[in-house]
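Presented below is the structure to which this report refers.
Owing to the predicted nature of the structure, the values given are computational and were not obtained by experimental measurement. To find a chain, count down the sequence lines: A is the first, B the second, and so on, and within it residues start at 1. Just so you know, these numbers use all the heavy atoms, side chains as well, and skip hydrogens, waters and symmetry mates.
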Amino acid sequence: MSVTPPGTATPWIRIVEAPKHVGEIVELRGWVTHRRSSGKVQFLVLRDGSGTLQAVAGVKDISPEQWEASAAITQESAVILRGMIKADTRQAGGVELGMQSLEVVSAAPDYPITPKEHGVDYLMDHRHLWLRASRQQSILRIRAEIISAFRDFMNQEGFLLVDAPIFTPSACEGTSNLFETQYFDDKAYLSQSGQLYMEAAAMALGRVYCLGPAFRAEKSKTRRHLIEFWMMEPEWAFATLQDVIALEEKLLIYTVGRVLEQRAEDLKIIERDTSKLQKVLGPFPRIHYDDAVKMLHEAGIAFEHGNDFGSPDETELSNRYDTPIFITNYPAAVKAFYMEPDPNDPKLCLSCDCLAPEGYGEIIGGGQRMSSLEMLTSRIDAHGLPQSAFEWYKDLRRYGSVPHSGFGIGVERTLAWIAGLDHVRESIAFPRMLYRLTP
RNA sequence: UCCUCGGUAGCUCAAUGGUAGAGCAUUCGGCUGUUAACCGAAGGGUUGUAGGUUCGAAUCCUACCCGAGGAGCCA
């Protein structure tokens, strides 16, 4: 047992480190989440962002003034506690703090979020405080782990981070879903994808990716949609559709593995059924669009060949598997202008969407990009887009055009799936949604 | 934009045409091991807004506002 020598400051530790300090006098700094008392014994549950811990004080353990202060402490008041870390099998973390002193940094009157349940509207209005809930903290930790995993994986695979611009001069894929903003005397739009810029960067650096926000002015109001969301977009020169599908598969297996390994505590706190994540091992099914349509027909679903899949169709397909699935070779008509045509069927294109299991829907969209200047020019016309806006993009086909492929993976949808969230609104600290811009 | 559901105390909800209630939160009191502690007491209401029907409306009707889920579109 180590005791802090007299004359030295009590070491400030974080709650997550507490089990390593059993028998030591330490200082904890945090916020009170619950207070219970039994007349002559008081219990304060403290959180400090790294975890929660119960602190105990008998009436003789602390000064009468501190005892009074402790008795009057309110939820979310900020405190500094000093005392001894003790092993206690009754506690979730196995330890508690035997309080020896309490200092109130800041008292919090009438904290709006109580330990009882609240409605969605109320919680969203108090999102800035809701983040303090242990479940929300765990989700944000898992989010950070996923983003680290994405970047570590891409770096390991030899891809270089290149940041794409947020202000863009015009529509990449039509203006209806773009946010318009003032750019001095001109107009600019908030980026809905960094892909075209990544194609340019890939021609410079071979393998690149960007990771940043995307903005879509879609009037979508479902549990899968945010107006502002984060996306990672790798772009890979000389790669084919099959190359990029294999990369996506490896990325997802790596990311799920990292979360299972590094964020096991958080998965437990949010009560995620991890047995479903354990099954996320390759290979994932690759299903040709034509076969997917047949599967829907066999399931008795009226679906017209040539259309894009709706959410119920995607759910029907992905529910047949425990792992994510790839749907490949969509009709060119339902995909963006830059998709490379399928050499086996000119009506289809070399595209691929990845659908997450458990009904979470599309988490990745990607494919092989068009490399022919002539064909790209005609597709831009066919989509009614102005050639002038794409002259720089067409330069990529004029000067050393090569087959290349890439994809975009949505951070929030990937997190919603891995964490088993009911709604993407919990997958980002401050969600921007239709009709909700504050806090 | 369309479809469906909802709006009652600070919060979560009950009251289905006849005196607006409960739990939690708050305040006060009790309790030496509590785990969303427990026990007792108190305060707390223009039932989303505006009309209408009725002897009487939280409840029925109309319009509007706000929220939620879904469709379309997308990651």
Side-chain angles (χ1 to χ4, degrees), chain A residues 33-45 52-61 67 71-72 74-76 86 88-93 96 98 108-126 129-130 133-134 173-174 176-178 192-195 211-233 248 307-315 334-336 352-356 359-366 407-417 422-425 427-428 433-436:
Chain A
T33 67
H34 294 90
R35 192 186 73 83
R36 296 181 282 269
S37 91
S38 255
K40 299 291 193 296
V41 180
Q42 292 190 44
F43 305 90
L44 300 182
V45 180
T52 60
L53 183 91
Q54 174 170 277
V56 192
V59 69
K60 292 171 191 164
D61 297 336
W67 178 264
T74 50
Q75 190 185 353
E76 287 304 314
K86 298 171 179 173
D88 188 312
T89 51
R90 290 167 293 193
Q91 304 309 315
E96 65 177 16
D110 302 325
Y111 186 66
I113 297 182
T114 68
K116 295 282 181 176
E117 68 272 23
H118 294 286
V120 167
D121 189 31
Y122 186 81
L123 288 171
M124 289 307 295
D125 284 343
H126 295 83
L129 301 176
W130 188 22
S134 63
E173 304 170 28
S176 60
N177 292 338
L178 287 170
Q192 57 178 195
S193 166
Q195 183 202 312
L211 177 50
F215 307 87
R216 305 236 172 128
E218 295 163 2
K219 300 246 172 173
S220 299
K221 193 165 145 43
T222 80
R223 69 186 69 201
R224 298 180 308 280
H225 284 87
L226 293 171
I227 299 302
E228 177 182 310
F229 65 98
W230 285 62
M231 185 160 61
M232 181 174 76
E233 295 175 280
E248 293 172 23
N307 285 351
D308 201 358
F309 300 120
S311 287
D313 306 318
E314 291 183 351
T315 303
V334 304
K335 289 290 177 185
C352 174
D353 283 359
C354 178
L355 309 182
Y360 282 95
E362 183 181 353
I363 54 172
I364 302 177
F407 62 92
I409 179 166
V411 170
E412 288 78 14
R413 284 192 186 172
T414 303
L415 171 57
W417 159 52
D422 291 334
H423 197 296
V424 286
R425 68 177 149 243
S427 68
I428 185 166
M433 301 190 300
L434 193 62
Y435 309 135
R436 196 179 279 285

So [X], base contact, sugar-phosphate only, or nothing? Heavy-atom distance under 4.0 Å.
{"X": "H34(A)", "result": "sugar-phosphate"}
{"X": "Y435(A)", "result": "sugar-phosphate"}
{"X": "E228(A)", "result": "nothing"}
{"X": "D353(A)", "result": "nothing"}
{"X": "I113(A)", "result": "nothing"}
{"X": "G365(A)", "result": "sugar-phosphate"}
{"X": "G361(A)", "result": "nothing"}
{"X": "T414(A)", "result": "nothing"}
{"X": "D88(A)", "result": "base"}
{"X": "Q54(A)", "result": "base"}
{"X": "Q91(A)", "result": "base"}

[atom1]-based separation of [M] from [N] [nearest Å]:
{"N": "rG56(B)", "M": "rG18(B)", "atom1": "C1'", "value": "7 Å"}
{"N": "rG45(B)", "M": "rA15(B)", "atom1": "C1'", "value": "14 Å"}
{"N": "rC13(B)", "M": "rU53(B)", "atom1": "C1'", "value": "29 Å"}
{"N": "rA25(B)", "M": "rA9(B)", "atom1": "C1'", "value": "11 Å"}
{"N": "rU59(B)", "M": "rU54(B)", "atom1": "P", "value": "16 Å"}
{"N": "rA14(B)", "M": "rU47(B)", "atom1": "C1'", "value": "13 Å"}
{"N": "rC3(B)", "M": "rG72(B)", "atom1": "P", "value": "16 Å"}

Whichever of V56(A) and R35(A) has its nearest RNA chain B nucleotide further upstream toward 5':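 It is V56(A), whose closest nucleotide lies nearer the 5' terminus.
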Results of salt bridge (charged side-chain N to carboxylate O under 4.0 Å, His left out) for [X] - residues two or more places apart only:
{"X": "D308(A)", "value": "none"}
{"X": "E412(A)", "value": "R143(A)"}
{"X": "E76(A)", "value": "R47(A), R132(A)"}

Salt bridge D88(A)-R90(A), side-chain N to carboxylate O under 4.0 Å: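 Answer for the salt bridge query: yes.
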Non-neighbouring partners of R425(A) that pass side chain to side chain contact (heavy atoms under 4.5 Å, CB included), sequence neighbours left out: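 With neighbours one apart ignored, the set is V120(A), M124(A), H423(A), P431(A), M433(A).
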What residues, two or more places apart in sequence or in another chain, satisfy side chain to side chain donor-acceptor pair (under 3.5 Å) together with [X]?
{"X": "R436(A)", "answer": "D121(A), D125(A)"}
{"X": "T74(A)", "answer": "S77(A)"}
{"X": "S37(A)", "answer": "none"}

Separation of rU1(B) P from N177(A) CG (nearest whole Å):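 Checked: the CG to P distance equals 15 Å.
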Minimum-distance nucleotide to V41(A) side chain [options: rU34(B), rU32(B), rU26(B)]: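 In terms of side-chain proximity for V41(A), the closest of rU34(B), rU32(B), rU26(B) is rU32(B).
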Any donor-acceptor pair under 3.5 Å from R216(A) side chain to Q192(A) backbone: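 Checking the backbone N and O of Q192(A) against the side chain of R216(A), a donor-acceptor pair under 3.5 Å is found.
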Taking only N/O atoms, report every protein-nucleotides 5-15 of chain B pair under 3.5 Å with atom names and distance.
{"from": "rC11(B)", "atom 1": "O2'", "to": "E117(A)", "atom 2": "O", "distance (Å)": "3.3"}
{"from": "rC11(B)", "atom 1": "O2'", "to": "H118(A)", "atom 2": "ND1", "distance (Å)": "2.5"}
{"from": "rU12(B)", "atom 1": "OP1", "to": "G119(A)", "atom 2": "N", "distance (Å)": "2.9"}
{"from": "rU12(B)", "atom 1": "O4'", "to": "E117(A)", "atom 2": "O", "distance (Å)": "3.4"}
{"from": "rU12(B)", "atom 1": "O2'", "to": "E117(A)", "atom 2": "OE2", "distance (Å)": "3.0"}

Any N/O donor-acceptor pair, S38(A) side-chain to rC38(B) base, under 3.5 Å: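 Such a pair does not exist between side chain and base.
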Quick one: is [N] close enough that its OP1 or OP2 comes under 4.0 Å of any side-chain N or O from [X]?
{"X": "R436(A)", "N": "rA68(B)", "result": "yes"}
{"X": "R36(A)", "N": "rC39(B)", "result": "no"}
{"X": "K219(A)", "N": "rG72(B)", "result": "no"}
{"X": "S311(A)", "N": "rA71(B)", "result": "yes"}
{"X": "H423(A)", "N": "rG69(B)", "result": "yes"}

Canonical and wobble pairing (Watson-Crick, G-U, under 3.5 Å) of RNA chain B, dot-bracket with |: (((((((..((((....[..)))).(((((.......))))).....(((((..]....))))))))))))....
Beyond-backbone contact of Y435(A) with K221(A), side-chain heavy atoms, under 4.5 angstrom: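 Answer yes - side chains close enough.
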